[in-house]
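Convention: sequence-line order gives letters A, B, ...; per-chain numbering from 1. Everything numeric here is computed off the predicted structure, so don't read it as measured data.
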There are 4 protein chains.
Amino acid sequence: MPRQARAEATVDAIFEATIQLLTRAGADSLTTTRVAERAGVSVGTLYQYFPNKQALIYALNERYLEALAKRIEATCSAQAGQTAPNMLKTLIDTYWQAKTERPEVTRALYRSVADLDNSALIETFARRVDTATTAMFASACDADFADLASVNLTLVTVIFGTVRNAFERGLDSGDAEKLQGQLHLMCDAYLKALDRSSIAQTL
Amino acid sequence: MPRQARAEATVDAIFEATIQLLTRAGADSLTTTRVAERAGVSVGTLYQYFPNKQALIYALNERYLEALAKRIEATCSAQAGQTAPNMLKTLIDTYWQAKTERPEVTRALYRSVADLDNSALIETFARRVDTATTAMFASACDADFADLASVNLTLVTVIFGTVRNAFERGLDSGDAEKLQGQLHLMCDAYLKALDRSSIAQTL
Amino acid sequence: MPRQARAEATVDAIFEATIQLLTRAGADSLTTTRVAERAGVSVGTLYQYFPNKQALIYALNERYLEALAKRIEATCSAQAGQTAPNMLKTLIDTYWQAKTERPEVTRALYRSVADLDNSALIETFARRVDTATTAMFASACDADFADLASVNLTLVTVIFGTVRNAFERGLDSGDAEKLQGQLHLMCDAYLKALDRSSIAQTL
Amino acid sequence: MPRQARAEATVDAIFEATIQLLTRAGADSLTTTRVAERAGVSVGTLYQYFPNKQALIYALNERYLEALAKRIEATCSAQAGQTAPNMLKTLIDTYWQAKTERPEVTRALYRSVADLDNSALIETFARRVDTATTAMFASACDADFADLASVNLTLVTVIFGTVRNAFERGLDSGDAEKLQGQLHLMCDAYLKALDRSSIAQTL
DNA sequence: TATGAATGAGGCTTCATTCAT
DNA sequence: CATGAATGAAGCCTCATTCAT
């Protein structure tokens, strides 16, 4: 147990140090020596846990996406059986919150990814999220989607994309809040439009 | 003028070489020597045109965003006086097309930006686009927006964000097309919803 | 005794692992950790038996040379009182066989010696061999050497040197066999020439 | 010309520095930084001429063997048409001299080779030498070899091997001289023995 | 003005060795 | 006695940048 625990603590410290360096100074100042130093371990130790620098960055992103996916899955479970607008609202707010609560971390991770083949990571994340949100939307008490897959893809892509773009633009909090509101509105409108078109198809 | 022309050709060659390297092998293989080599000039010459490597990447992105902004501005001018749905459709398709027609270049530039303070670039780009799209929407023959700034911000952020996210997910062309259609639908629905709510407010 | 036995087994395992690594991958992949791993013990244990890496390699060579010396001594004892040509033949064949029967091991040891001050080892080995061969040649029933020391040095150096050089050239087995035959011939001729010159001197 | 000349001077300096380090301190103190330092250039420059450390050592050995091969070829040409014993004497003395005149260099190169796949080098060298010595022996005015290839291989292997072994044993100059004399004797005796056996075959 | 050899700081990584458990 | 995680000095190599030609 002490072994296991210590190892975990070490890895945590390394991750934390990585994020700190990434936020403080930018991706190019991220050296393995510096990470180890700030984490309070020797470089050798770092290399005992990560075979190389890329693996460290990869693992960091993996861990972040893992946490984010869990959070979204929790949100989706909690919303099972609710109305679609409620679901949307919760999904938007959760994701927005997640990306915004530690903006430097978010930015740091976006940057760290630059020289990394993270497509596998992204795909895994996307699949998990898609599964969760699809299940949620399927359980909506007030809607029945003709093409759930398509609707789900659209909503997820729009919401996630919008949040990222809002983030990158560096909107001030006023604009951000307004935008968040408008996004709610837009997604709701989309659902209603779908409803109408599906009724039209049914008739 | 021959001097001018030669210089321009050199700079073009350097940019092209940069993109090629970025495309072929990833950001970490982008060395000034390699860029110069592929551009058919010496490193010294490269440094005659760019004070350092960052400046080169910065200029490359600047040039790309400049072209993209011009394209969007042209689209907006061309759509002046049209119906809002038409405007939306054109805007979405233009942006989507621009990001998709040379996907490796798009990806390369996304990556190149990693260790660059490109916020000024982004801001300039955003301002130009906002001006153009705002003017366009203001000229719509079938709509009159109560809070044009807000609507504009929303649409631009949603559209650009969605396209980027779609791009990053690596959607296959079928899904991409579906998504593009749904995005049209969603934006239209948003406009209609605005209309109704504005009427409601007016009453 | 169980203690003793276990220790010996461990040391054997370490030696074996060392040779395997040396054989498989070349001297630069020979790390203490890797040796321990392959030997099925921990690095700590390895350091219980050898104060440092050099000592391990030194001991390995020592052991090899010890075995080789023993083998040569045995051959020499067995040949006591025989004819000189028989002695030569046996000496050549024994040494050739010893270096050839596990060529990768031979090569591995040659390589391992690179950054080692093995002159003491070599000298000890040389002295033992010289003693044994000198005694053997002195007992030849058909010869009486005027300058036994000189003859012995010559024969031993020529034989050992030739075998090593043949080994390094990577001769195919056909050439190797031919060469071995010629070496017999040459050594015999040498003895006869000595004989004649010694008779000449006597007259 | 100045460019070419400077480059050559630089490479020479690097080689010289490498040999110095190799002789002074042993193979494991041979670091690229140290080589560059002693050669009076920067590491970067070293790496402009040699892609990595191994390549440097390889090139050093290549150059040494090239020079040695040339020297042997010259000796062989000079001896064309002479008597076989003269040839032998010259060959032995040349090789002995070459290996002995700068013993630290010889030793250093023997060691440097440890973690290098120099089989190609050795083979090339062997082929060149074999060609030269074969031609020489074929031209002997007093001998006609039934199996020239075999005789040549034997003589070359014996001579080169003996010299190396003598070298490694660290013989004092008295013993060395004696041994050299005995080697002459032995080789001559070998030739005579061949002669007799060939006559025997002819009869 | 173009060239490209030279520079050298600094990054990544390995591995012999130690020592707390 | 054995273990193996931790250490950190030190090696190899890259690459942005300069400057003599």
Check: Who is the Watson-Crick or G-U wobble partner of F/dC15, with both distances under 3.5 Å?
Finding: E/dG8
Notebook entry, point to check: What is the distance, rounded to the nearest whole Å, between atom CZ of D/Phe50 and atom P of F/dT14?
Noted result: 15 Å
Check: When you measure from the side chain of B/Tyr47, which nucleotide among E/dT17, F/dT17, E/dG11 comes out closest?
Finding: F/dT17
Next item on the list: Measure from the side-chain heavy atoms of C/Thr45 and tell me the nearest of F/dG11, F/dA6, F/dT3.
Entry: F/dT3
Check: What's the closest nucleotide to the C/Val41 side chain, out of F/dT7, E/dA16, F/dT3?
Finding: F/dT3
Note to self: Please determine whether a side-chain nitrogen of the Lys or Arg among C/Asp12 and C/Arg63 lies less than 4.0 Å from a carboxylate oxygen of the Asp or Glu.
What the structure shows: yes
Next item on the list: Let me know, please, whether A/Thr33 or B/Asn52 comes out on the 5' side of the other along DNA chain F by nearest nucleotide.
Entry: A/Thr33
Note to self: Please determine whether a side-chain nitrogen or oxygen atom of B/Thr32 lies at a distance below 4.0 Å from atom OP1 or OP2 of F/dC15.
What the structure shows: no
Check: Where the side chain of D/Val43 is defined as all heavy atoms beyond and including C-beta, which of E/dG8, F/dT7, F/dT17 is the nearest nucleotide?
Finding: E/dG8
Item checked: Sidechain-backbone polar pair: D/Thr45 side chain, D/Val41 backbone, donor-acceptor under 3.5 Å -> no
Check: Please give, in whole Å, the distance from E/dA5 C1' to B/Glu37 CD?
Finding: 14 Å
Margin query: I need the CD-C1' distance between A/Gln48 and E/dT17, as an integer number of Å.
Written below: 13 Å
Check: Which residue, B/Lys53 or B/Gly44, contacts DNA chain F at a nucleotide closer to its 5' end, judged by nearest heavy atom?
Finding: B/Lys53
Check: Which sits closer to the 5' end of DNA chain E, A/Gln54 or B/Gly40, going by the nucleotide each is nearest to?
Finding: B/Gly40
Next item on the list: Starting at atom CG of D/Leu30, determine the distance to atom P of F/dG11, rounded to an integer number of angstrom.
Entry: 11 Å
Check: Is the shortest side-chain N to carboxylate O distance from A/Glu168 to B/Arg164 below 4.0 Å?
Finding: yes
Check: For E/dA20, which nucleotide is its Watson-Crick or G-U wobble mate, given both distances must be under 3.5 Å?
Finding: F/dT3
Checklist line | Nucleotide of E/dA2, F/dA6, F/dC12 approaching D/Thr31 most closely (side-chain heavy atoms) | finding: F/dC12
Next item on the list: Compute the ring centroids of D/Phe50 and D/Phe15, then answer whether they are less than 6.0 Å apart.
Entry: yes
Check: Can you tell me how far C1' of E/dG4 sits from CZ of B/Arg38, to the nearest Å?
Finding: 19 Å
Notebook entry, point to check: OP1 or OP2 of E/dG8 sitting under 4.0 Å from any side-chain N/O of D/Ser42?
Noted result: no
Margin query: Nearest whole Å is fine: how far is F/dA2 C1' from C/Leu46 CG?
Written below: 12 Å
Next item on the list: Give a yes/no answer on whether the side chain of C/Arg34 brings an N or O atom under 4.0 Å of OP1 or OP2 in E/dA16.
Entry: no
Check: Does a salt bridge link D/Glu104 with D/Arg24, judged by any charged N lying under 4.0 Å from a carboxylate O?
Finding: no
Check: Does any nucleotide pair with F/dA9 by Watson-Crick or G-U wobble geometry, both distances under 3.5 Å, and what is it?
Finding: E/dT14
Notebook entry, point to check: What integer distance in Å separates C/Leu21:CG from E/dT14:C1'?
Noted result: 16 Å
Next item on the list: Indicate yes or no: does D/Arg38 engage D/Glu16 in a salt bridge with an N to O separation below 4.0 Å.
Entry: no
Next item on the list: Whole angstrom is fine here: how far is it from CD1 in C/Ile14 over to P in E/dA16?
Entry: 14 Å
Check: What is the nucleic acid contact for B/Asp28, judged by heavy atoms within less than 4.0 Å: base, sugar-phosphate only, or nothing?
Finding: sugar-phosphate
Next item on the list: Counting heavy atoms from C-beta on, name the nucleotide in F/dA6, E/dC12, E/dA2 closest to the side chain of A/Tyr49.
Entry: F/dA6
